[in-house]
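Side chains are part of it too, since the values below use all heavy atoms of this structure and drop only hydrogens, waters and symmetry mates. Labels below follow one simple rule: chain letters A, B, ... track the order of the sequence lines, proteins then strands, and each chain is numbered from 1. Remember, predicted model here, so these are calculated numbers, not experimental data.
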Amino acid sequence: MLQKRENWIGYAFLLPSLIGFIVLKLYPVLFSLFLSFCEWDLISGWDKIKFIGIQNFINMLDDRYVVSSFSNTLRYVLMVVPGQLVIGIVVAVILEKCVFFKRYFRTTFFMPYIANTVAVSVVWMAMFHPSMGPVNSILKAIGIAEPPGWLSSRDWALVTIALMSIWTGSGYNIVVNMAALQGIPSELYEAAKIDGASGFQSFRHITIPLLSPTTFFLMLIKIIGTFQVFGPVKLMTKGGPGRATMVIVYEIYREAFQYYKIGYASAQTLVLFVIIMLVTLVQMKLQKKWVYQY
Amino acid sequence: MKKIVSIIHALVMLMSMVPAAFAQEPVTVTFWAAWSLEAGMADMIAEFEAAHPEVKIEYVKYANNDEGNIAVDVALMAGDSIDMIINYGLKRLVPRSEKGLFEPLNAYAEKTGYDVWAENGDPSFEIDDQYFGLPIGGTSSVTAINGAYLEKAGLELPVGAWTTDQYKEYAAALTHINEEGHKIYGDVGAHNLNSGWQSLARGALGVNYWYKEDGSANFDNENFKKAMDYTISMQNEGIAYPYTEYLSTGETDFSAFTTGKAAMGMFSNAVIRTVVNAETVPEGFKLYFAQFPTLPGEKNYLTGINPFDYLSMCAAIPEERKAACWTFMEWLATEGNAWMASVAHIPSWKKVDKEEVVGKLLGKGAGKDRIDVESLMNVALNYDAPSSYDTNLTGYGQLYNLIAEYGEMAILGEMTSEEALTELQKEANKVLADLAK
């Protein structure tokens, strides 16, 4: 009896967060799932929601914006995730082992991660201005007569956004890697040194393997995050020039909030969710082959 | 005696309370628009409330962009937070009216003897002879010219109709290097490709220029090619502010003009607000107006004032509030209509005092020193020229983005104008066919 009562009290304590979860998370997810099989324009009212089966998904196969946006998103992920991972490890090792004022540099590298995306985007737009930006001025000074047009170039716009994302996101990786580095037993490095291993060999055979659980964690959350890129695209290019930076979340936003095709946008969201889930599952499966648990 | 004094005192107190008991509380209604209170809305509301103390207006500013209009749609569906709203363009009024979110206004107008056609013009959109928005304000298309550069180049202000060829000659003459060594462009160029290059086609083709009579896309019309080629040639000849600058900086054509980086541009009357509100303008800056240019040999449908601001009432609010809303709506459409000029929109009331309109357009600050009144009245306030507005809005958002996309491809040299327009026509027809299913 007492056990039962305690259970109820426990549930009562859980109720506020449970209500929040149901109203703000579970209901929107389930409603979005339902809408992905429907046609609805948002302002017509609930009674105008029309069930159309898998038509939204069929339409996607023939939609060149969907194709471009998935391909651009994939390219973006392939640029940003490895970039952030490599910088995250290399800078963390340098800061941890070879630099004074470690705390100062750690804070400095972390700053872009917590900086406002709008402010960062404006600064990057100024920096990468084709004729007056400091980046192209430097490139011209070192002999590159015709530097890229960056955000105004179809070939470089996505790269520019990716560079910005690498810059803003690496700080987080650096901080996490630095914490992980402190957990690697120093005896391993000492033993390697006694055995005659060079600094690079220690890095290659001790640091990288022992950081692999952290690297795996970072890779996973970064892949999930970068698939959902939206802010920099909305602020800097609005998907252009042409369709050069049209990424999937921006395309979902356009369909939902410019064309009022809520059902179609929900279907795209579901596809994105499935892709991210599959990629994550594959990663989980593959991690056994390269993540070193100690 | 004491008793009598007490009774008199009580009676006096009681009588003083009688008017308060019978005085009506004003009915509070919300009015949503996209302008700030400081831009004249506060003064406008104060004037209305002084004339109609029975109604109190609660002003809500919303953002007239995709996100802001989604918020509006959701609020309209919820049915209680918006009493009246200004819809910017038919693209907002039509879907909201079709979904039954707005109250038909005919009955209210009949009750107070207001005739929208006689007072403000065609309400543009009706369902079963019922209209849902009062056309209280409009926009005009103009060429804005920086007088300082005009004078420096020794050019006269163009008066009356002129062509894009003449415009180009002016742009070339106005292009120069200034004292600081910076290039000043003759034309602001195509900042916004949705409304930039294709405005010339709009001018030549008139209403519903995106569509053929059978409802299919009209981008294979030669005027679109002429307009696109013209825009590209302005870029290639270096007399229009480079499109790549807009892409890399997020700058707008308004700011390129008001900061003096470009001397002239094809704008809507919104340029007035930008100039009036600019904190600073270059020394000697003065805004002159000329007609919107036409493609050679073509007509010009962009000389008049085209309805743009539609004032609507939410259908889901209580009757008492609807009556109060109508009092305000009729006032803003007539006696208070000049206030539309305070936000640089052109009042539509046919009896509006033009002097008052000019006064409100120029504002209380530096506006009068920055804007030439004579050309403003002749060009931007040309009430005599016929107005026109697009009534076919099929696939508006998608076509809008396609136009921008292919315009961009052509202007960046990724496609020729023929290729871009062929693709645009094909994609637009696909969108229209999908919507027709």
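A distance of 11.5 Å separates OG1 in B/Thr244 from CG in A/Leu151, rounded to the nearest 0.5 Å. With rounding to the nearest 0.5 angstrom, the OG atom of A/Ser68 is 7.5 Å from the CD atom of B/Glu405. Rounding to the nearest 0.5 Å places CE of B/Met77 at 6.0 Å from CH2 of A/Trp46.
Neither the backbone nor the side chain of B/Glu98 comes within contact range of chain A; no heavy atoms are under 4.5 Å apart. Heavy atoms of A/Met236 lying under 4.5 Å from chain B belong exclusively to its backbone. Interface remark: B/Asn69 contributes backbone and side-chain atoms alike to the contact with chain A (heavy atom separation under 4.5 Å). Of the two parts of B/Tyr406, only the side chain, counted from C-beta on, holds a non-hydrogen atom closer than 4.5 Å to a non-hydrogen atom of chain A. Interface residue A/Asp41: only side-chain heavy atoms are found under 4.5 Å from chain B.
Nearest heavy-atom pair, B/Asn401 versus A/Tyr259, reported as atom, atom and distance to 0.1 Å: ND2-OH, 2.6 Å. In terms of heavy-atom proximity, A/Leu42 sits nearest to B/Val74 at CD2-CG2, 4.5 Å. Considering every non-hydrogen atom in both A/Pro241 and B/Leu412, the closest pair reads CB-CD1, 3.5 Å. The shortest non-hydrogen separation linking A/Met125 to B/Thr249 is CE-C, 3.5 Å.
For CG of B/Asp128, the number of neighbouring non-hydrogen atoms (other residues, nucleotides, ligands) closer than 6.0 Å is 12 at most. At most 12 heavy atoms of other shown residues, nucleotides or ligands fall within 6.0 angstrom of atom NZ in A/Lys50. In A/Ile54, the CD1 atom is not crowded: 12 or fewer heavy atoms of neighbouring residues, nucleotides or ligands sit closer than 6.0 Å. The neighbour count for A/Phe110 CZ, taken as heavy atoms of other residues, nucleotides or ligands under 6.0 Å away, is above 12. Other residues, nucleotides and ligands contribute only 12 or fewer heavy atoms inside 6.0 Å of the NZ atom of B/Lys426. The number of heavy atoms from other shown groups lying within 6.0 Å of CE (A/Met111) does not exceed 12.
No donor-acceptor contact under 3.5 angstrom links the side chains of B/Gln398 and A/Tyr65, judged on distance only.
Ranked by non-hydrogen atom pairs under 4.5 Å with chain A, the options B/Gly397, B/Pro95, B/Gly395, B/Ser248 are led by B/Ser248. The candidate from A/Ala256, A/Gly133, A/Pro130 with the greatest count of non-hydrogen atom pairs under 4.5 Å with chain B is A/Pro130. The candidate with the highest count of non-hydrogen atom pairs below 4.5 Å against chain B, out of A/Lys48, A/Arg254, A/Met132, is A/Arg254.
Looking at residues two or more places apart in sequence or on another chain, you find no side chain to side chain donor-acceptor pair (under 3.5 Å) involving B/Asn429. By the salt bridge (Lys or Arg N to Asp or Glu O under 4.0 Å) test, A/Asp62 is found to be paired with B/Lys430, residues two or more places apart in sequence or in another chain being considered.
A/Arg154 is not listed as a side-chain neighbour of B/Glu408, based on a closest heavy-atom distance of 4.5 Å or more.
Ion pairing between A/Arg243 and B/Glu423 fails under the 4.0 Å rule for side-chain N and carboxylate O.
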